[in-house]
Amino acid sequence: MARVGLAFSGGGIRSASLCSGVLRRLLQKKADVDYLSCVSGGGYTGAAYLDWKYRHGKKDDPEWHEQFFEHMRSRSGIFCNWQKPCQGILDSIILFIMTFCVALIIPILLWSSYACPLAFVINFLFGSILRGGQKPCLKIVRQNPNISLKRCEMERLTSPVVNQQFALFAIPVVIALVSSFVKGLISKGKGLFTFLITSCAVFFGLVFIPWFIQEFLNFIPNWMKILIILPTFYLWFSFPLMRKNATLVLVIYIYSFVIYWRVFNGKVFDFDYDDELFNKLMAISTLLLWSAPIIGTVQQRIGHVYNRWRIQRALYSPASVGWCGCGGITWRDLFLRCPTCRPNSLKGINLSTALTLEDLDDVKPIYISGITINKWRRTTSPKEPDYELLIMSPNGIERLDRPLNEREFDGKLMPMDMYLSDAMATSAAAVDHHMGARESDDASFRDLKVMLGVAMGTAIVADERHEGKRNCCIQTLPLIIEVVRILPLMVFLIIYWETGQDMYLAIGILSFLGLLVLLTLTALIPTGSKTPGRLERIARWFTINVAYVSFVRKTISMTNQGPNPPPVLRLSDGGHIENLGILPLLKLRLKKIVAVNGGRTICDEDYSSTLLASLDMARKKLGCSFTGWMDEILLRIFETTLWRKPPGSQPSSYRFRVQYYDQNPSGDGKTEVGEGEILFIAPRHPGKTVQKKTYETWGEALHDIDVDLEAGRWGSGPELTAEEADRLTFCCCDCCHGYKCRGLSEWMCGAFPQHSTANQFFTQTMFTAYHREGYRACLEANAAEFLAEVPRPESAATAFQQFERRTAFFPATSLIPVKFEE
């Protein structure tokens with residue numbers, strides 16, 4: 001049976017607005033669409049539409065269609081609704097407080113909690129070597145006024161301990177150099193040597209920098225210290241190899257001043273050392289270290305939960321969002337293990353009101369959410385990217401490159417485990433620690449994003465069902481591990497307060513650090529084998545159940561290598577691989593595909609480069625072939641047909657063909673098994689698009705449809721004027737629109753139809769403008785007629801459902817022949 005699909009691209013609320021106009025036109029023409037593939041912002045519209053359709057008897061009807069589009073327009077200020085000033089102020093306060101706490105307060109609390117314990121243990125083990133004596137000179141001078149500070153320091157400069165200092169600084173450097181050399185010679189165990197090199201570098205910084213501060217920076221004013229220290233940061237951020245560890249260096253700098261404060265009892269920016277104050281800080285650090293896993297997990301996930309809550313609260317049907325827009329969202333979503341064990345109700349929130357992907361199993365079109373799965377290679381080849389497109393739909397969850405005979409998530413992660421809003425928000429996680437194909441763009445700041453909790457992606461357990469079947473003793477083991485992890489430090493801290501002997505506290509801190517090292521080594525164990533051994537199974541269990549191990553694997557970018565899914569799936573925006581959303585549709589070998597590009601571009605030519613990138617991936621991963629690809633003919637067609645024509649005559653669409661192939665069973669060559677056609681649609685500025693003699697009103701545009709639109713809400717017609725487009729400056733409030741400061745607005749927020757994706761604070765006027773442009777482009781491209789060209793049998797719906805249940809997704813390149821049934 002011939003099938004057709006619709007693809008909505010990423011691009012935040014800008015793409016959602018544009019795609020809503022396309023969707024409205026197709027619904028008015030009663031276009032029969034089988035699949036709806038969405039990425040990022042396109043999923044705002046696609047998921048919300050299917051949610052509304054499910055709530056209205058799973059049938060389309062013009063009456064609720066009008067309510068749906070008006071609902072989207074009136075709530076287009078998803079994150080800050082300034083159409084209602086009080087609501088806008090409240091939304092802004094919530095957003096500011098969350099960002100301030102997540103990216104500033106929590107990182108300071110979490111990372112500063114290690115400073116005092118490290119300062120104490122460095123002082124206990126190496127303090128006498130760094131100082132050149134048992135006590136700091138400042139403490140000796142206070143206790144014996146007859147000894148001058150200068151005399152004490154001069155005596156220590158000439159003492160034999162200088163050789164011990166040299167050895168203390170040189171040994172970690174030598175170990176790091178040897179480990180680096182050995183790492184380049186071997187193929188396995190690189191993670192262990194990387195850990196060893198990093199540990200030696202950290203140790204060197206923690207002992208050398210405090211000594212350097214005492215010997216060279218102690219006698220100069222604070223403003224001169226700043227002038228000396230700041231260039232070092234510039235040095236680290238200037239060189240690519242050093243820039244990758246710039247955040248780690250920043251932490252070491254901060255720790256070094258605390259260590260200097262403890263070891264030498266000196267001043268840190270006029271802040272005198274005091275034993276009683278240090279002991280109080282140790283107690284606070286212990287409490288923070290005890291609560292760090294919980295706080296850190298919440299910090300890493302709250303961005304995703306907030307994004308999901310705001311979008312579904314704004315766009316989904318009232319029956320799905322539940323109380324305060326929290327349908328399907330509970331405190332469990334702030335922690336790693338939360339999918340299948342959710343109760344039907346929790347504290348008055350009826351979770352069953354929120355739709356799962358399985359609920360949409362018999363709703364047409366079939367919803368497909370494109371998501372990037374990171375840090376997973378199916379093979380051990382280093383040439384294979386460590387990211388791939390993960391397809392989530394009511395028919396199943398799978399990687400784009402899954403072989404026909406492998407179903408890695410069957411019985412583990414199923415459509416019933418994923419809420420519709422969760423799949424949509426994950427596909428829209430534009431900012432994350434792992435960025436897929438865009439990882440190299442900001443790799444230098446990835447560790448900084450991890451530390452600051454700057455993430456909208458999510459992490460879910462790959463096989464929650466198996467974890468939930470473990471006996472109660474295993475279920476309580478994570479709690480026991482967390483208690484054992486912090487217990488030595490707490491017990492010996494209490495003993496230290498009672499006895500005043502440093503030995504006891506040193507034992508507690510070293511025991512705590514030793515347990516952290518063991519957990520870190522557990523995080524370095526490779527995973528992904530088809531038949532994992534006992535050691536790997538232990539590593540997988542610790543990754544799922546111990547927050548510290550999961551955090552370490554994320555921080556060091558540990559990659560799962562093999563066909564077995566990673567214990568924890570690191571998911572981010574589908575646009576981090578392919579922003580158009582057409583790869584899942586090409587994998588299904590559809591007869592007709594309409595691709596709507598609402599993605600962010602700097603210039604018009606970027607539309608063609610985005611499409612060409614998607615087509616190139618389809619050629620390499622799915623074995624597709626496209627008309628005019630050889631010798632870059634397709635690129636020239638784009639340039640001459642779409643973008644290089646003079647303003648006033650540039651179309652908004654382009655059609656081209658695709659051929660589908662199967663790999664021959666013998667492995668030599670491919671056999672064509674079908675073909676399809678793609679209609680590509682992109683927005684245009686009113687001054688560039690094909691001009692008509694007169695502007696059509698809604699009544700004239702809808703002459704063939706028994707529907708009308710309110711001109712006051714949706715403009716006078718589908719076509720924008722240049723004046724209407726150019727006045728869409730800034731964001732948030734309609735009063736911000738105008739012609740003043742147009743240049744500044746374009747520099748900050750972009751201009752129609754290429755407003756910045758970072759601008760998620762759309763006004764109703766901006767939403768209306770992009771909605772109208774989407775409608776106009778769809779009308780000009782005859783998209784509804786394009787889809788209707790495919791002959792559809794009367795029993796198409798029944799045959800379609802039976803076909804889906806039998807086949808689900810199948811790859812276009814397979815060693816096993818695929819037979820198509822009519």
Side-chain angles (χ1 to χ4, degrees), residues 111-144 149 152-153 155-157 159-172 199-218 251-269 271-286 288-289 488-514 516-517:
W111 290 94
S112 63
S113 62
Y114 290 90
C116 287
L118 281 174
F120 183 91
V121 76
I122 292 292
N123 176 69
F124 181 81
L125 296 175
F126 310 109
S128 59
I129 298 176
L130 293 174
R131 290 188 298 262
Q134 289 297 325
K135 294 182 179 180
C137 284
L138 287 173
K139 183 173 287 188
I140 294 175
V141 170
R142 294 191 190 103
Q143 294 175 353
N144 189 354
L149 179 63
C152 177
E153 291 173 347
E155 289 177 353
R156 293 186 172 181
L157 285 175
S159 65
V161 80
V162 173
N163 294 329
Q164 297 178 10
Q165 291 177 350
F166 177 79
L168 183 64
F169 301 149
I171 289 175
S199 300
C200 290
V202 170
F203 176 79
F204 174 79
L206 294 179
V207 295
F208 176 78
I209 297 177
W211 175 84
F212 179 81
I213 294 172
Q214 169 66 18
E215 298 298 331
F216 296 95
L217 300 183
N218 191 34
V251 174
I252 293 174
Y253 266 121
I254 297 172
Y255 284 2
S256 297
F257 276 96
V258 180
I259 294 171
Y260 160 77
W261 189 58
R262 170 66 179 180
V263 172
F264 297 99
N265 289 177
K267 287 184 178 181
V268 176
F269 297 104
F271 197 73
D272 290 320
Y273 174 81
D274 181 77
D275 282 331
E276 184 178 352
L277 176 60
F278 185 83
N279 290 337
K280 291 180 179 178
L281 292 176
M282 277 293 301
I284 296 173
S285 297
T286 304
L288 290 175
L289 290 172
L489 182 57
M490 298 184 69
V491 170
F492 284 100
L493 179 62
I494 295 173
I495 298 175
Y496 167 73
W497 284 342
E498 294 295 330
T499 62
Q501 297 186 22
D502 291 352
M503 174 65 72
Y504 294 108
L505 184 55
I507 293 173
I509 295 176
L510 289 174
S511 300
F512 171 75
L513 295 177
L516 290 187
V517 171

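Note that the structure is predicted; figures quoted are calculated from it, not measured.
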Name the one of Phe203, Phe126, Trp211, Phe212 that satisfies ring-ring contact (aromatic ring centres under 6.0 Å, His included) with Phe169? Trp211
Test side-chain contact (heavy atoms from CB on, under 4.5 Å) on Leu168 and Leu130; report intermediate values, then the result. CA-CA 9 Å; Leu168 183 64; Leu130 293 174; 3.8 Å; yes
Distance col, row Ile252:CD1 vs Phe257:CZ, nearest 0.5 angstrom, shows 13.5 Å
In short, Ser256 meets Gly205 closest at the heavy-atom pair OG-O, 3.5 Å
Distance in Å, Leu493 CG paired with Met490 CE, rounded so as to fall on 0.5 Å steps: 8.0 Å
Test side chain to side chain contact (heavy atoms under 4.5 Å, CB included) applied to Phe124 and Asp502, Ile507, Leu505, Ile509, the passing residue: Asp502
I'd like to know whether Ile129 forms a side-chain contact (heavy atoms from CB on, under 4.5 Å) with Val207, so could you lay out the CA-CA distance, the side-chain angles of the two residues, the decisive distance to 0.1 Å, and finally the verdict. CA-CA 10 Å; Ile129 298 176; Val207 295; over 6 Å; no
Asn123 to Val263 - nearest heavy-atom pair and separation: OD1-CA, 3.6 Å
Looking only at non-hydrogen atoms, find the nearest pair between Leu289 and Pro117 and report the distance. CD1-CG, 4.2 Å
Atom of Pro172, atom of Cys200 and distance for their closest heavy-atom approach: O-CB, 3.4 Å
How close do Pro210 and Phe264 get, counting heavy atoms only, and between which atoms? O-CE1, 3.6 Å
Taking atom CZ of Phe166 and atom CD1 of Ile171, what is their separation to the nearest 0.5 Å? 10.0 Å
Interatomic distance, CG@Leu281 vs OG1@Thr286, rounded to 0.5 Å, equals 10.5 Å
Has the side chain of Trp261 got a donor or acceptor atom that lies under 3.5 Å from a matching backbone atom of Phe271? yes
Pair Asp275 + Arg262, salt bridge at N-O below 4.0 Å: yes
For Phe204 and Phe208, take the angle between the two ring planes, folded into 0 to 90°, and tell me which bin it lands in: parallel under 30, tilted 30 to 60, perpendicular over 60. parallel
First locate atom OH of Tyr496, then atom CE of Met282, and finally report the distance between them rounded to the nearest 0.5 Å. 8.0 Å
Which pair of heavy atoms, one from Leu206 and one from Ile259, lies closest together, and at what distance? O-CD1, 3.6 Å
Look up atom CD1 in Ile284 and atom SG in Cys116, then write down how far apart they are to the nearest 0.5 Å. 8.5 Å
With a 4.5 Å heavy-atom cut-off, do Tyr114 and Leu516 have their side chains touching? yes
